[in-house]
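Data block below; observations after.
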There are 2 protein chains.
Amino acid sequence: MDTPLHRKLSSAVSLTDEDVIVVDRLLSTTQVAPAGATLIPEGHVGGEAYVLLAGWAYRFRMFEDGRRQISRLLLPGDFIGLNASYLGMPEQSIVALTDVQLAKIDAKLLMEHFRQSPRLSLAFLWSDTRDRFITEERVASIGRRSAYERLAHVFLELYLRLELIGEAAEDVYSLPLTQEHLADLLGLTSIHVNRVLHRLKNDGLIAMEARTIRLLSREKLMRVSDFDPRYLMHRSPK
Amino acid sequence: MDTPLHRKLSSAVSLTDEDVIVVDRLLSTTQVAPAGATLIPEGHVGGEAYVLLAGWAYRFRMFEDGRRQISRLLLPGDFIGLNASYLGMPEQSIVALTDVQLAKIDAKLLMEHFRQSPRLSLAFLWSDTRDRFITEERVASIGRRSAYERLAHVFLELYLRLELIGEAAEDVYSLPLTQEHLADLLGLTSIHVNRVLHRLKNDGLIAMEARTIRLLSREKLMRVSDFDPRYLMHRSPK
DNA sequence: CGTACTATTGACGCAGATCAAGTTCCGTGG
DNA sequence: CCACGGAACTTGATCTGCGTCAATAGTACG
């Protein structure tokens with residue numbers, strides 16, 4: 001098989017055939033949900049864990065007065081609520097951004113497998129650590145980068161993350177985020193995102209049409225945003 | 001023994017005597033470093049892993065033009081570079097904020113122990129997940145909270161984290177951060193931190209003298225910052 | 001073709017940055 | 001015990017990136 005999850009895990013470690021079988025079995029019970037569906041409700045305890053097989057989702061913090069901050073974007077191959085489920089701790093809300101396909105996974109059972117396959121547990125540790133690094137780089141973005149730099153940075157990040165799972169190539173990928181999503185992800189308003197997006201286009205850094213983005217100069221985007229790809233823990237970190 | 005690490009881990013799971021012995025053995029080789037010392041240099045690969053036994057440290061991202069963002073504050077009982085060490089991946093810089101006492105740990109050996117003690121590995125998974133939630137809440141802070149709210153929030157967070165390890169009680173704790181550290185942690189300038197700190201004092205929310213902070217009204221601080229303690233995954237999440 | 005998102009554009013305001021001086025606090029050495 | 005030097009903290013004046021408010025225009029779908 002050649003799913004996003006397989007690509008992702010085997011980019012980190014060389015899985016044996018047996019590992020692959022274990023992973024496949026994990027993904028056996030699939031289901032779908034439409035865009036906008038709540039996958040994990042706010043504060044839900046001991047909930048289910050999933051692998052996102054197709055489509056995008058996001059995890060967010062909602063404030064009492066309506067402010068919203070997206071804390072993490074979930075792409076195909078990413079885990080949803082795995083740690084919280086296993087620990088029996090509450091999760092933040094997670095909502096489907098597009099129509100999604102999910103595989104429900106049994107967290108306890110998965111942890112059981114880890115005891116048998118060091119490679120598998122290493123791959124998951126890698127995935128977990130990478131998610132954390134992504135969030136820490138987001139802190140750096142929101143805390144210290146300008147709006148222009150933040151957008152440049154996130155478009156590069158998404159390209160590399162999607163490329164890893166075979167969903168981006170030749171500087172082009174499908175971007176289902178609205179300007180409001182981008183704003184909530186980057187700590188901005190959608191109005192400002194709109195203006196800065198135009199600047200990026202005018203400056204010849206990106207082109208967008210119909211939910212598709214093209215990076216016209218990764219080189220310039222990297223320079224602009226002081227992009228250091230090491231945090232993504234991919235193989236050939238430029 | 002009753003170290004911060006023991007308190008932290010046993011707050012999550014009930015460790016057996018044997019687990020405690022394993023943990024103790026991990027902490028056998030201790031060393032010290034002065035305030036300002038670099039514990040992990042930028043981009044260092046396959047480095048050492050430590051447990052912070054005493055003192056504070058921080059992990060940060062430095063930009064080419066000198067901007068700095070602290071991505072994580074490390075308190076006694078926290079792990080330093082554990083995942084990165086085990087995975088052989090590069091780490092961000094980590095610097096001692098105060099004089100610190102460290103125990104070098106062997107990441108491979110520790111992972112070995114996990115295979116034998118489910119409780120121990122659960123405790124570490126809890127710690128890891130909690131660190132991630134803390135960072136995600138920081139994203140929410142920097143992205144959507146005002147400077148006033150951010151400071152209120154971080155003072156509550158630090159209180160609860162320190163209380164867990166027995167280093168804060170009765171709304172008072174020692175706060176070795178300078179205003180510049182606070183600024184780099186919260187995505188502000190030290191000048192603005194200074195002004196807002198005065199507002200918090202005038203409003204009767206906190207009092208500070210000689211590197212010690214007193215929370216005069218946790219109630220008000222929580223209201224102001226829309227503080228939801230669940231993300232810290234402590235036992236009695238009020 | 002209406003209803004409801006989503007994107008766009010302009011005018012204006014403000015939280016927080018920047019610039020520029022001080023001042024206070026300490027640790028250190030004479 | 002005091003003088004010195006460098007952090008750390010203050011305070012004021014001014015500027016600006018981004019937010020807020022308001023209105024319009026696409027677009028998508030039922």
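Keep in mind that what you see is a predicted model, and the values were worked out from it rather than measured.
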Could you tell me how far apart Leu197(A) (CG) and dT9(C) (P) are, to the nearest whole angstrom? 12 Å
Please tell me which of the listed nucleotides, dA7(C), dT8(C), dC19(C), lies nearest to the side chain of Arg211(A)? dA7(C)
Boundaries of the DNA chain D segment in contact with chain A, non-hydrogen, under 4.0 Å: dC18(D) to dC21(D)
Aromatic rings Phe60(B) and Tyr58(B): how do their planes relate, parallel, tilted or perpendicular, breaks at 30° and 60°? tilted
Criterion side-chain hydrogen bond (donor to acceptor under 3.5 Å, both in side chains) on His6(B) and Asp24(B), from CA distance to verdict: CA-CA 9 Å; His6(B) 283 97; Asp24(B) 281 343; 2.9 Å; yes
Atom CZ of Arg195(B) and atom P of dG16(C) are separated, to the nearest Å, by 12 Å
dA15(C) OP1/OP2 closer than 4.0 Å to side-chain N/O of His192(B): no
Take His181(B) and Val196(A), find for each the nucleotide of DNA chain D with the closest heavy atom, and name the residue whose nucleotide sits nearer the 5' end. His181(B)
Mind calculating the distance between CG (Leu188(B)) and P (dT18(C)) to the nearest angstrom? 11 Å
Write down the distance between CG (Asn194(A)) and P (dG10(C)), rounded to a whole number of angstrom. 11 Å
With a non-hydrogen cut-off below 4.0 angstrom, is Ser146(A) in contact with a base, only sugar-phosphate, or nothing? sugar-phosphate
Phosphate-side-chain proximity, His198(A) and dT9(C), N/O vs OP1/OP2 below 4.0 Å: yes
Under 4.0 Å, heavy atoms only, any strand: does Gly187(A) hit a base, just the sugar-phosphate, or nothing? sugar-phosphate
Length of the line joining Met208(A):CE and dT6(C):P, which is rounded to integer Å: 14 Å
From the options Glu149(B), His153(B), Arg150(B), His192(B), select the one residue that forms a side chain to side chain contact (heavy atoms under 4.5 Å, CB included) with Leu186(B). Arg150(B)
Check whether any side-chain nitrogen or oxygen of Thr189(B) sits under 4.0 Å from OP1 or OP2 of dA17(C), and answer yes or no. yes
Any luck finding a side-chain donor-acceptor pair between Arg161(A) and His234(A) under 3.5 Å? no
Grab the CZ-C1' distance between Arg67(B) and dA17(C) for me, whole Å please. 12 Å
If you count heavy atoms of other groups shown closer than 6.0 angstrom to CZ of Arg214(B), is the number above 12? no
Rounded interatomic separation in angstrom, taking CG from Asp184(A) and P from dA7(C): 12 Å
Criterion side-chain hydrogen bond (donor to acceptor under 3.5 Å, both in side chains) on Arg59(A) and Gln92(A), from CA distance to verdict: CA-CA 7 Å; Arg59(A) 190 169 181 281; Gln92(A) 279 183 351; 2.9 Å; yes
How long is the line joining CG of Leu182(B) and C1' of dA17(C), in whole Å? 17 Å
Among Leu158(B), Asp171(B), Val172(B), Leu205(B), side chain to side chain contact (heavy atoms under 4.5 Å, CB included) partner for Leu215(B): Asp171(B)
